[in-house]
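Just follow the structure's listing: the first ligand is 1, and inside any ligand the first atom is 1. What you are looking at is a predicted structure, and each value in this text was computed from that prediction instead of being measured.
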Amino acid sequence: MTSTGIDDISLYTSSFYLDMHTLSEKRKTEYSKYTEGIGIERISIPAPDEDIITLAANAALPVVERCDKTKIGTLLFATESGVDQSKSAAVFVHRLLGLPSTCRTVELKQACYSSTAAVQAACALVARNPKKTVLVITSDVAHYPLESPGEATQGCGAVAMLITENPRILEIQPESGCCSADTWDFWRPNYSNYPLYDGKFSMINYVKTCKGAWKELSETRGLAFDQVDWFCYHLPFSTMGLKAHLKLAREAGSQKNSVELENQLSPIIHYCKVIGNCYSASLYFALCSLLDNAPERLENKLVALFAYGSGCSGEFYTGTFQPGYKKYIRTDKNKKLIKNRKEIDFETYLKFHKAADPIGESGDFTTPELTDGAFRFCGTKDHCRIYEPCSANVQ
Ligand code: CAA
């Protein structure tokens with residue numbers, strides 16, 4: 001069988017962040033609730049000229065610059081914060097990146113799970129025709145009402161991955177475990193700017209789905225929990241991953257103690273802690289965090305990845321890090337990008353928050369130039385969204 005998986009991976013987030021000190025003061029909430037209770041210190045907030053398209057194009061640009069783009073046969077765009085009900089987010093990015101007209105483009109949705117559906121579909125497409133590669137982009141803006149319990153778990157970002165045969169970073173094994181059920185834990189009706197959710201139930205459902213998906217994976221593969229070197233979880237906030245990991249470990253008969261289990265997760269939560277929730281991209285930010293912050297070289301190590309999308313669909317799958325993978329990752333660039341974001345004050349946060357409402361004014365508008373990214377959202381004209389490169393920001 002053709003070996004398939006992640007040949008290249010690149011992340012991007014907004015140029016701006018809100019510090020949890022600011023939110024804790026304004027919401028009269030203890031800072032430690034944010035940093036220890038939910039495990040978030042900063043959240044990336046999109047400027048009015050940033051959205052899922054600009055985040056996605058910025059994440060994918062370094063991947064496209066490093067590969068033969070004439071070989072990209074499909075662009076799969078995973079998101080739950082789509083900007084149009086018909087036109088897929090993929091076609092906007094297709095133009096911005098100058099991809100061939102022969103490239104298939106589509107958008108996928110199943111809450112935060114869709115990115116993993118895209119990765120699996122990409123592996124299947126490459127296995128069928130290894131001459132073509134697949135660009136998977138997962139991009140989201142986690143946007144909650146002001147003063148709601150979800151406000152501290154906002155964030156935004158995108159991860160782009162090139163899926164090929166004989167991948168240079170992570171080979172993905174074909175067997176996986178899935179778990180789906182019709183639940184109302186988190187959803188966003190078409191008429192609403194914000195998701196509706198039952199926070200506590202969503203956490204219970206996440207853990208239940210995680211156990212169900214692990215059961216199928218471990219039974220199919222004959223895989224024991226302690227045979228896995230590293231775990232990556234979908235992280236709506238960092239303590240969610242830890243809660244699930246501890247519960248799953250006990251159920252799966254792990255011999256590791258709580259400290260060992262916590263250590264097993266510590267490299268994956270760095271980016272979530274300072275970026276926040278990126279919905280469908282969160283699992284792949286956890287993977288980038290592991291690649292960039294692991295205390296050991298990961299060559300030939302086995303990682304298990306758990307994707308969860310409310311509503312609900314979950315999947316556990318595994319991959320093996322490839323010899324020489326470090327040559328192809330962008331650790332310094334990623335850390336610099338995250339560190340160089342600008343802090344915004346509370347008033348600016350309120351303006352950015354309002355601008356991110358997906359159902360806004362129906363008339364045309366223009367946005368101020370704020371992003372440091374290579375692409376920006378300029379506004380709308382005749383109900384069409386306008387995106388352009390920012391030549392001043394291209395490095
Ligand atoms: N110091 C340290 N810890 C503190 C603290 C303090 N001063 N004050 C409170 N805490 C702890 C609490 O004990 C609690 O910990 P436990 O869960 O271990 O008991 C934690 O901080 C959170 O406190 P609350 O439960 O009181 O917080 P909350 O009512 O404000 O809600 C939340 C938290 C449910 C996560 C809420 O932010 C929410 O609803 N978020 C959106 C839904 C969500 O993210 N669900 C996750 C699963 S669904 C999913 O994964 C899909 C997705 O991306 C959305």
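- Here the protein heavy atom with the shortest distance to atom 53 (O) of ligand 1 is His234 NE2, 2.9 Å.
- Distance check for atom 27 (O) of ligand 1: a protein heavy atom is found below 4.0 Å.
- Contacts between Glu30 and ligand 1, counted as non-hydrogen atom pairs separated by less than 4.0 Å, involve the side chain only.
- Under the 4.0 Å distance rule, the nearest protein heavy atom to atom 12 (C) of ligand 1 falls outside the cut-off.
- Contact annotation for Ser32 and ligand 1: heavy atoms of both the backbone and the side chain come within less than 4.0 Å of the ligand.
- Within a 4.0 Å radius of atom 32 (C) of ligand 1, the protein contributes no heavy atom.
- Residue Tyr197 places no N or O, backbone or side chain, under 3.5 Å from any N or O of ligand 1.
- Of the heavy atoms in Asn277, only side-chain atoms (C-beta onward) come closer than 4.0 Å to ligand 1.
- Shown in contact with Thr153 at under 4.0 Å from a heavy atom are these atoms of ligand 1, numbered in order with element: 37 (O), 40 (N).
- Only side-chain heavy atoms of Ser310 come within less than 4.0 Å of ligand 1; its backbone N, CA, C and O stay farther off.
- Remark: ligand 1 atoms within the under-4.0 Å shell around heavy atoms of Tyr144 are 41 (C), 54 (C).
- Side chains of Cys67 and Thr133 form no contact here, defined as non-hydrogen atoms less than 4.5 Å apart.
- Under a 4.0 Å criterion applied to the non-hydrogen atoms of Lys243, ligand 1 contributes the atoms 16 (P), 17 (O), 18 (O).
- For atom 36 (C) of ligand 1, a protein non-hydrogen atom is found at a distance below 4.0 Å.
- Between Thr153 and Asn277, the side chains place no donor N or O within less than 3.5 Å of an acceptor N or O (distance only, hydrogens not considered).
- Here is the list of ligand 1 atoms found below 4.0 Å of a heavy atom in Ser202: 42 (C), 43 (C), 45 (N), 46 (C), 47 (C), 48 (S).
- Lys109 NZ: 12 or fewer foreign heavy atoms inside a 6.0 Å radius.
- Ion pairing between a basic and an acidic side chain is recognised when a charged N comes within 4.0 Å of a carboxylate O; Glu219 and Lys215 show such pairing.
- Heavy atoms of other residues, nucleotides or ligands lying less than 6.0 angstrom from CD of Gln255 number 12 at most.
- A salt bridge between Asp8 and Arg66 is present, with a side-chain N of the basic residue lying under 4.0 Å from a carboxylate O of the acidic one.
- Nearest non-hydrogen protein atom to atom 22 (C) of ligand 1 is Ile38 CG2, 4.0 Å.
- With no hydrogens or angles considered, a side-chain donor-acceptor pair links Asp345 and Thr348 at under 3.5 Å.
- Closest protein heavy atom to atom 25 (O) of ligand 1: Lys200 NZ, 2.2 Å.
- Tyr284 and Thr116 share a side-chain donor-acceptor pair at under 3.5 Å.
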For this session: Could you walk me through whether Asp7 and Arg168 pass salt bridge (charged side-chain N to carboxylate O under 4.0 Å, His left out), step by step?
Result: CA-CA 5 Å; Asp7 188 68; Arg168 291 176 296 184; 3.0 Å; yes
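- No hydrogens or angles considered: nothing links the side chains of Asp185 and Tyr206 as a donor-acceptor pair under 3.5 Å.
- Shortest contact from atom 23 (O) of ligand 1 to any protein heavy atom: Lys33 CE, 3.5 Å.
- Below 4.0 Å from some heavy atom of Tyr308 lie the following atoms of ligand 1, by number and element: 48 (S), 49 (C), 50 (O).
- Numbered from 1 in the order shown, with element, the atoms of ligand 1 that lie under 4.0 Å from a heavy atom of Phe237 read 35 (C), 44 (O), 46 (C).
- In the vicinity of Cys112, heavy-atom distances shorter than 4.0 Å reach the ligand 1 atoms 51 (C), 52 (C), 53 (O).
- Side-chain contact between Met20 and Ile43 is present, with at least one heavy-atom pair separated by less than 4.5 Å.
- With hydrogens and angles left out, the side-chain atoms of Glu107 and Thr79 include no donor and acceptor closer than 3.5 Å.
- Ranking protein heavy atoms by distance to atom 21 (O) of ligand 1, first place goes to Gly37 CA, 3.1 Å.
- Relative orientation of the His234 and Tyr308 rings is tilted, given thresholds of 30° and 60° on the angle between their planes.
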